[in-house]
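Below, all heavy atoms of this structure are taken into account, side chains as well, without hydrogens, waters or symmetry copies.
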Amino acid sequence: MGWGDIYKRRVRVFTMAVIIYLDYKSVQQREKWTSKSRQASLWEKAHERNAKRVLNLIIEMEGLWVKLGQYMSTRADVLPAAYIRLLKQLQDSLPPRPLEEVYGTIQKELGKSMDELFADFVNKPLATASIAQVHRATLLNGHEVVVKVQHDGIKTIILEDLKNAKSIVDWIAWAEPQYNFNPMIDEWCKEAPKELDFNHEAENTRTVAKNLGCRNQYDGNMRANRVDVLIPDVIQSTEKVLVLEYMDGIRLNDLESLEAYGVDKQKLVEEITRAYAHQIYIDGFFNGDPHPGNFLVSKESPHRPILLDFGLTKKLSSTIKQALAKMFLASAEGDHVALLSAFAEMGLKLRLDIPEQAMEVTAVFFRATTPANEYHKTMKSLADQRDRNMKVIQEKMNLDKKEMKRFNPVDAFPGDIVIFGRVLNLLRGLSSTMNVQIVYMDIMRPFAESVLRGYISKGPSVNDRWIFDSPVHSDVESMLRQLLIEMGNNDKILGIQVCAYKDGEVIIDTAAGVLGKYDPRPVKPDSLFPVFSVTKGITAGMIHWLVDNGQLNLEENVANIWPAFGSNGKDVIKVHHVLNHTSGLHNAMGSIAQEDPLLMFDWDGCLNRICQSVPETEPGKEQFYHYLSFGWLCGGIIEHASGKKFQEILEEAIVRPLHIEGELYVGIPPGVESRLAALTVDTADLSKVSALANRPDLPSTFQPQQIAQLATSLPVAFNTLNVRRAIIPAANGHVSARALARYYAALADGGKIPPPHSSASKPVLGSHPHIPKLSSSPKPPKTRKCIGRRKQATSTSVSTTNSYEKVSSYDDSEANKGRNTNSESSSGDDASSSRISNNLRSHVAGKVYKNPRIIDEFLGTGEYTNLALPGEGFGLGFKRFTSKDGSSIAFGHSGMGGSTGFCDVTNNFSIAVTLNKMSFGGVTGKIVQLVCSELNIPVPDDFLRFAVEQSGPDEQLSMGRPIIN
């Protein structure tokens with residue numbers, strides 16, 4: 001091809017592109033002046049007109065444009081019928097090349113005459129495509145073969161067409177910025193030239209056949225993830241000639257023959273989809289060109305698919321393969337965290353933080369196929385969704401229409417997923433053409449799961465890094481790690497953190513396992529776990545902090561602080577009733593999940609719902625666990641008493657004083673997603689819970705049967721970012737075990753802040769500079785000074801069975817020791833971590849609470865006895881933990897699924913366990929029992945019952961008791 005031909009080819013292509021573009025633009029304008037009844041006809045004529053233009057140009061130009069036409073002809077789900085009908089001709093019926101050219105290429109490449117090569121050679125080609133044409137032949141040994149012969153001069157044409165296509169894509173991106181296909185054309189420019197070497201195709205064919213375990217005889221063996229397809233054997237290859245085994249089959253576009261042979265089209269396309277799922281997710285090596293012309297169907301029963309043409313293939317790295325599997329499964333599960341993690345791993349970068357839209361787009365990517373006759377409905381749905389998404393982006397970015405037109409929400413698009421996306425689109429088009437529906441989520445899921453299972457199932461027995469590499473602080477921590485390994489090998493642990501303090505010092509700080517069922521990244525000390533009702537202990541601590549600072553009184557009527565609360569007989573409910581779970585509002589939010597689950601994300605809406613609620617029992621008379629309403633009751637009190645947002649008080653009262661920045665949130669801010677653990681359920685434990693009898697101490701809407709149902713749906717809901725970002729003060733804490741253990745270490749010591757957390761734990765606790773987004777609505781009252789605050793008793797002669805005044809075992813003189821000690825080297829950490837580590841080492845002991853009888857206040861004992869219902873499990877916001885010998889004072893709060901945090905005041909001990917495989921106490925109980933026993937600390941009854949395997953009534957008791965806390 002001379003320069004003159006190249007120039008003419010370029011002008012022809014660009015001229016046609018401009019003509020078609022201007023034609024559609026003119027139709028857009030004419031549509032405004034056309035009646036609705038005639039608009040459909042107007043567009044149909046335009047599609048017919050331009051489809052003919054495209055077809056004629058492609059037949060004239062051949063080369064790469066045939067590939068484009070073949071791709072377009074398969075997209076019956078998104079392209080007008082005129083394009084599909086006309087461009088189908090390109091799948092296998094292009095004008096053949098002259099026989100002289102074909103013979104010349106074969107003889108030159110194979111080095112022999114036609115008579116020396118073949119006993120018979122059929123001159124009429126079986127098919128003619130963009131790069132080559134295929135002839136049937138018989139070898140001298142009698143074997144029937146097909147001979148694929150490359151068109152003469154096609155390499156020059158293809159490379160020139162790629163340049164032209166790139167120029168057209170650049171022009172479209174300039175004229176219509178919302179249609180930027182540069183990532184796709186760039187990847188195509190990289191991969192397409194590989195199709196021109198048939199030695200490369202021959203090797204690809206052998207590799208895919210081996211990976212799929214192809215066999216010529218049907219043996220009925222269809223074990224899990226085994227696919228049943230045929231691929232021809234490679235006989236011989238050169239750069240321009242490929243000789244393959246002949247397989248007699250039916251073309252997919254020959255619908256009459258498919259019908260005559262009784263081919264099940266649904267089963268056929270499902271098996272093709274399974275074959276591609278296997279190639280992508282298991283092999284990481286797949287054919288990138290699954291258009292209908294590259295498939296046949298065997299005529300013999302069971303009519304297996306025959307896969308052809310492996311010129312365009314893609315090899316994925318293990319990282320990308322894992323990320324693609326994670327993206328698929330995250331979309332299936334609605335797990336925003338895993339989805340964003342997958343994006344990051346594959347190099348897909350977004351310019352703004354709208355995870356909901358990212359999930360929507362991914363769901364569209366893997367959506368089930370639709371028949372070709374639903375083209376208009378599909379296109380309208382996709383267009384409407386795109387318009388909604390772009391409107392959200394426009395509002396979030398504050399862009400005008402002109403700016404919005406040129407805004408691209410994708411910052412970086414990895415080339416590795418371009419061919420992957422093309423394959424999915426071609427398969428979707430194939431399904432529409434065959435008029436069958438394929439549910440990708442069902443068919444591809446087992447293959448995607450098998451990829452991640454290979455990483456995640458590498459438990460302690462085969463993964464020597466299952467426990468995160470961190471120093472051992474004590475002998476008991478060594479023993480604990482052995483226990484974790486044992487439970488990990490028994491599949492009871494997915495990911496876990498355990499941290500414990502004794503006498504103000506860290507004695508355990510262990511992280512192990514992985515972040516999620518579909519997220520094989522390791523759990524680290526700063527990973528964030530959803531801990532459900534453990535959050536209540538944090539929220540209660542905020543109430544007590546306001547009391548301690550004179551902004552609130554435990555005996556004050558809530559309505560005095562929060563006037564709107566006083567309706568419907570709630571004017572007599574006091575603050576201590578709320579903390580003691582005796583307000584009578586235990587079912588106030590019980591129906592929210594069924595009636596209006598989105599209300600949970602509306603802070604003001606939930607507070608209004610609380611205001612409208614009616615007590616079911618007389619305040620202060622009966623204790624029923626306020627499993628959900630507790631949080632918004634406390635939240636409303638906190639904001640109205642302080643005049644500040646809930647999260648501001650959380651930071652001021654707990655996070656900053658304890659130096660646990662970035663590791664304790666109630667409703668996460670954007671920016672911490674990479675550290676989040678994803679939830680799953682221990683189904684064996686769940687089945688036991690559903691069989692439990694009702695419990696009289698639980699609300700009617702929170703009995704074991706409802707809990708079992710709730711636990712099934714919780715992982716799906718709480719793995720979504722919109723739930724994780726919601727402020728739900730009863731259930732939506734996201735913490736690390738070391739932050740939670742430090743909180744309870746302070747409570748165990750009467751509110752005194754412990755010495756800095758171990759600097760051996762990396763990254764250093766408190767080193768995350770992230771500032772949370774305060775999204776709850778500010779309340780109108782200004783900071784109020786509480787009137788009538790209860791005067792604290794000064795006598796120290798109160799019996800410790802009813803009262804406890806903590807005398808700290810860690811005084812200021814001890815805190816000052818080593819203030820000038822240089823911090824240890826923190827190689828591997830950034831400068832900010834090092835600086836904060838130094839600051840923490842200069843720590844001077846302070847107190848979160850000033851009240852010397854704060855422990856009594858937490859427990860509702862001593863002078864606070866009349867504020868808590870006697871003989872019940874809850875004090876003032878905390879669960880009272882009892883032990884057999886009654887020798888210690890302990891309290892804390894556990895959460896559904898097994899996470900817990902508590903302290904033993906008598907022994908100045910605290911422990912926190914966070915985990916993401918939700919069970920109902922077994923794992924946590926064994927951990928607490930081991931640690932406490934080794935330290936000679938009484939094991940609380942709530943955990944002791946799980947130390948040994950139980951059955952019968954004992955098992956019923958064990959399963960039923962701790963799940964609500």
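Remark: the backbone N or O of Ile131 is not paired with any side-chain donor or acceptor of Glu195 at under 3.5 angstrom. For Thr128 (side chain) and Pro95 (main-chain N/O), no donor-acceptor pair under 3.5 Å exists by modelled atom type. When atom types are taken as modelled, the side chain of Asn211 and the backbone of Gln279 share no donor-acceptor pair closer than 3.5 angstrom. A side-chain donor-acceptor contact under 3.5 Å links Ser450 to the backbone of Phe447. Distance alone, capped at 3.5 Å, is enough to place a donor-acceptor pair between the Asn204 side chain and the Phe310 backbone. Glu271 contributes no side-chain N or O that, together with a main-chain N or O of Val229, makes up a donor-acceptor pair within less than 3.5 Å. Between the side chain of Ser331 and the backbone N or O of Met327, no donor-acceptor pair lies under 3.5 Å.
Remark: Thr319 OG1 to Lys326 NZ distance equals 10.0 Å, nearest 0.5 Å. Atom CZ of Arg428 sits about 5.0 Å away from atom OH of Tyr440, to the nearest 0.5 Å. To the nearest 0.5 Å, atoms CG (Leu117) and CD (Gln107) are separated by 7.5 Å. The structure places OG of Ser113 at 11.5 Å from CD1 of Ile106, a figure rounded to the nearest 0.5 Å. Separating the CG atom in Leu55 from the CG atom in Asn50 is a distance of 12.5 Å, to the nearest 0.5 Å. The structure places CG of Asp197 at 11.0 Å from CD of Glu203, a figure rounded to the nearest 0.5 Å.
Within the structure, the salt bridge (Lys or Arg N to Asp or Glu O under 4.0 Å) test picks out no pair touching residues 114-129 (sequence neighbours left out).
A 4.5 Å side-chain heavy-atom check between Ile235 and His143 finds every atom pair outside the cut-off. Phe328 is listed as a side-chain neighbour of Met441, based on a closest heavy-atom distance under 4.5 Å. Considering only heavy atoms from C-beta on, Arg49 comes within 4.5 Å of Val27 through its side chain. Side-chain contact between Tyr276 and Asn287: present, with at least one pair of heavy atoms (C-beta onward) separated by less than 4.5 Å. With a 4.5 Å cut-off on side-chain heavy atoms, Met16 and Arg53 count as touching. Taking 4.5 Å as the limit, every side-chain heavy atom of Glu60 sits out of range of all side-chain heavy atoms of Asn56. Side-chain contact between Val145 and Thr138 is absent, with no heavy atoms from C-beta onward closer than 4.5 Å. Looking only at side-chain heavy atoms (C-beta outward), Leu308 and Pro232 come within less than 4.5 Å of each other.
Gln29 is linked by a side-chain contact (heavy atoms from CB on, under 4.5 Å) to Lys32, counting only residues two or more places apart in sequence or in another chain. Under the rule for a side-chain contact (heavy atoms from CB on, under 4.5 Å), the partners of Gln266 that lie at least two apart in sequence or sit in another chain are Asp264, Glu270, Val436, Ile438.
Classification of the Phe286-Phe420 ring pair by plane angle, with boundaries at 30° and 60°, yields perpendicular.
None of Leu307, Ile306, Leu212, Leu296 except one satisfies the side chain to side chain contact (heavy atoms under 4.5 Å, CB included) rule with Leu230; the exception is Ile306.
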inquiry  = Please evaluate residues Asp309 and Lys148 with respect to the criterion side-chain contact (heavy atoms from CB on, under 4.5 Å), reporting the C-alpha separation (whole Å), side-chain torsions for both, the decisive distance (0.1 Å), and the verdict.
reply    = CA-CA 10 Å; Asp309 193 348; Lys148 183 175 180 179; 3.5 Å; yes
Worked check of side-chain contact (heavy atoms from CB on, under 4.5 Å) between Lys314 and Ile320 = CA-CA 12 Å; Lys314 183 68 180 176; Ile320 294 295; over 6 Å; no
inquiry  = Could you go through Tyr261 and Val297, starting from their C-alpha distance and side-chain angles, then the distance that decides it, and tell me whether this counts as side-chain contact (heavy atoms from CB on, under 4.5 Å)?
reply    = CA-CA 10 Å; Tyr261 276 90; Val297 184; over 6 Å; no
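Of the charged side-chain nitrogens involved, none lies within less than 4.0 Å of a carboxylate oxygen, so that Lys265 and Glu259 do not count as a salt-bridged pair. Using a 4.0 Å cut-off between charged side-chain N and carboxylate O, Lys45 and Glu48 make no salt bridge.
A donor-acceptor pair shorter than 3.5 Å can be found between the side chains of His278 and Asp283.
Residues Pro305 and Leu268 share a closest heavy-atom pair of CG-CD1, 3.6 Å. Between His151 and Arg97, the shortest heavy-atom distance links the atoms ND1-CG, 3.3 Å.
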